Amino acid sequence: MINEPATLYIVVPCYNESEVFPITAPALTELLKDMIQNKKVSTKSRIFFVDDGSRDNTWELIAAEHSVNSYVSGLKLAGNVGHQNALLAGLLTAADKSDITVSIDADLQDDTKAIIEMVDKYYEGFDIVYGVRSSRKKDSFFKRTTAQGFYKLMNMMGVKTVYNHADFRLMSARAVAHLKNYKERNLFLRGIVPLIGYKTTSVYYERSKRVAGESKYPLKKMLSFAFDGITSFSIKPISLILALGIIIIFCSIVAAVYSLIAYFCGNTVPGWTSLMLSIWFLGGVQLVSVGLIGQYIGKIYIESKERPRYNLEMFLTDEETINEEIQNNQ
Ligand code: UDP
Ligand code: MG
């Protein structure tokens, strides 16, 4: 282990979590206390609650806890911006004060013990450690099937995500700092984090039920999250339109042969052949045209995100200061 233990910030986004907070705060405090005592993390480490514009008294609870519990720190967002944005706000704020961040949901569905393992991995040299569910036995059948369908669909659409990983993960401060370079509004962190690079690994844990309160992701929100995830990362749906157009033009050739044979055999009503040919052919031409225009729009869309093209990690050179510059410039 490194001589000086690293400073850890456990970032917990909270939206209307007053039911769960009285359970979460002591559980995480206990864990952090142990880690500090075992010199795994520094005494400056904190549990960092981010209130995402809750309408209940979540913020009052966080503030009250902060005044009596020195391990707890808090951040209040002025309004509700959603889980992903709240998490980003928390991570970026925490990264200025810490060496490592771990993001975890407020409902304790994720095994807090896995945080210890994640920190061990950090000392082994990993910058990003994903918490991955080893099984979904405790999820309802509905949640399990929809969630797994979601990962499969994302994969098919060419979005690289870590299977069965939600937003429970460790990130080093330099990995979080690189997140700043992703300026997009439609934030889908699970898709962005794998793009950062660095050495990454996973730890496995059993995910349990929410300890209290209700899920903030009902079906409607889950679907829009999935749609957001795909459309924020992939222009494959546009390519599908183009492919469909080409297939239909091909079909129109087959239809042309068929209609002409029917015409010459004489068993058609007047006008049918020309109608058939135009419908198929024009349909195909239209789809190909839309698909082609779409390809350009897709390119504009990718350019408009202004995502970083690379992330420098190390530069072997004679000047010793250069690596520090790389860190500071990102
Ligand atoms: N959350 C948030 N802002 C929102 C919705 C949710 O910060 O607008 C937080 C919520 O408090 C929780 C986490 O995001 O800590 C995940 O939400 P939830 O547990 O309800 O999702 P599920 O586990 O059911 O998918
Ligand atoms: Mg949950």
Side-chain angles (χ1 to χ4, degrees), residues 9-28 31 47-62 65 72-94 101-112 114-115 130-151 154 161-169 185-191 193 205-229:
Y9 265 53
I10 303 177
V11 181
V12 193
C14 302
Y15 178 58
N16 296 344
E17 297 288 12
S18 56
E19 276 181 64
V20 138
F21 186 83
I23 309 169
T24 309
L28 288 175
L31 180 93
I47 305 153
F48 191 42
F49 289 99
V50 180
D51 176 42
D52 183 18
S54 296
R55 275 170 297 162
D56 62 1
N57 64 341
T58 302
W59 176 249
E60 284 71 30
L61 293 176
I62 296 171
E65 186 70 24
V72 166
S73 154
L75 179 71
K76 181 173 166 49
L77 301 182
N80 179 248
V81 292
H83 178 203
Q84 298 289 294
N85 285 314
L87 192 52
L88 181 72
L91 287 173
L92 291 179
T93 313
T101 60
V102 167
S103 48
I104 186 168
D105 288 352
D107 56 11
L108 294 188
Q109 281 189 280
D110 305 310
D111 183 6
T112 52
I115 296 178
Y130 298 107
V132 175
R133 256 162 275 179
S134 51
S135 84
R136 278 182 172 268
K137 269 182 251 148
K138 288 185 186 147
D139 274 354
S140 71
F141 173 76
F142 180 74
K143 181 100 189 178
R144 191 167 59 226
T145 19
T146 46
Q148 281 175 347
F150 168 64
Y151 288 109
M154 296 285 287
T161 49
V162 178
Y163 191 66
N164 267 346
H165 158 72
D167 282 302
F168 182 32
R169 79 178 85 78
R185 310 281 123 185
N186 285 302
L187 197 59
F188 187 70
L189 286 171
R190 275 174 239 182
V193 174
Y205 68 98
E206 282 260 349
R207 188 163 154 116
S208 34
K209 282 205 159 69
R210 225 177 201 283
V211 286
E214 274 174 8
S215 169
K216 310 293 178 299
Y217 274 102
L219 180 64
K220 201 173 133 229
K221 243 184 160 175
M222 231 162 70
L223 285 177
S224 82
F225 188 56
F227 191 72
D228 234 34

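One-based numbering, in listed order, for ligands and for the atoms of each. Not measured: the values here are computed from a predicted model.
- Contact of the Glu60 side chain with the Phe21 side chain is not registered, since no non-hydrogen atoms from C-beta on lie closer than 4.5 Å.
- Within the sub-2.8 Å shell of the Mg ion (ligand 2), the protein contributes these N/O/S atoms: Asp107 OD2, Gln109 OE1.
- Although no hydrogens or angles enter the test, the distance criterion places a donor-acceptor pair under 3.5 Å between the side chain of Thr58 and the main chain of Glu17.
- In this structure, Phe227 places its CZ atom where only 12 or fewer heavy-atom neighbours from other residues, nucleotides or ligands lie under 6.0 Å away.
- At least one side-chain heavy atom of Val193 sits under 4.5 Å from a side-chain heavy atom of Tyr130.
- Formation of a donor-acceptor pair under 3.5 Å by the Asp56 side chain with backbone atoms of Ser18 is found in this model.
- A donor-acceptor pair is defined here as one N or O able to donate and one able to accept, closer than 3.5 Å; such a pair exists between the side chain of Asn80 and the backbone of Asp52.
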Enumerate, one pair per line, all nitrogen or oxygen atoms of ligand 1 lying under 3.5 Å from a protein nitrogen or oxygen, stating the separation to 0.1 Å; write 'none' if no such pair exists.
from: ligand 1; atom 1: 3 (N); to: Asp52; atom 2: OD2; distance (Å): 2.6
from: ligand 1; atom 1: 3 (N); to: His83; atom 2: N; distance (Å): 3.4
from: ligand 1; atom 1: 8 (O); to: Asp52; atom 2: OD2; distance (Å): 3.3
from: ligand 1; atom 1: 8 (O); to: Asn80; atom 2: ND2; distance (Å): 3.2
from: ligand 1; atom 1: 11 (O); to: Pro13; atom 2: O; distance (Å): 3.4
from: ligand 1; atom 1: 11 (O); to: Tyr15; atom 2: N; distance (Å): 2.9
from: ligand 1; atom 1: 11 (O); to: Glu17; atom 2: OE2; distance (Å): 2.6
from: ligand 1; atom 1: 15 (O); to: Pro13; atom 2: O; distance (Å): 2.7
from: ligand 1; atom 1: 15 (O); to: Ala106; atom 2: N; distance (Å): 2.9
from: ligand 1; atom 1: 19 (O); to: Asp107; atom 2: OD2; distance (Å): 2.6
from: ligand 1; atom 1: 19 (O); to: Arg210; atom 2: NH2; distance (Å): 3.1
from: ligand 1; atom 1: 20 (O); to: Arg210; atom 2: NH2; distance (Å): 3.0
from: ligand 1; atom 1: 20 (O); to: Lys216; atom 2: N; distance (Å): 2.4
from: ligand 1; atom 1: 23 (O); to: Gln109; atom 2: OE1; distance (Å): 2.7
from: ligand 1; atom 1: 23 (O); to: Arg207; atom 2: NH2; distance (Å): 3.0
from: ligand 1; atom 1: 24 (O); to: Ser215; atom 2: OG; distance (Å): 2.5
from: ligand 1; atom 1: 25 (O); to: Lys143; atom 2: NZ; distance (Å): 3.2

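- The backbone N or O of Gln109 sits less than 3.5 Å from a side-chain atom of Asp107, completing a donor-acceptor pair.
- Without hydrogens or angle criteria, Asn164 side chain to Val132 main chain gives no donor-acceptor distance under 3.5 Å.
- Two residues are said to be in side-chain contact when any heavy atoms from C-beta on lie closer than 4.5 Å; Val50 and Leu87 fail this criterion.
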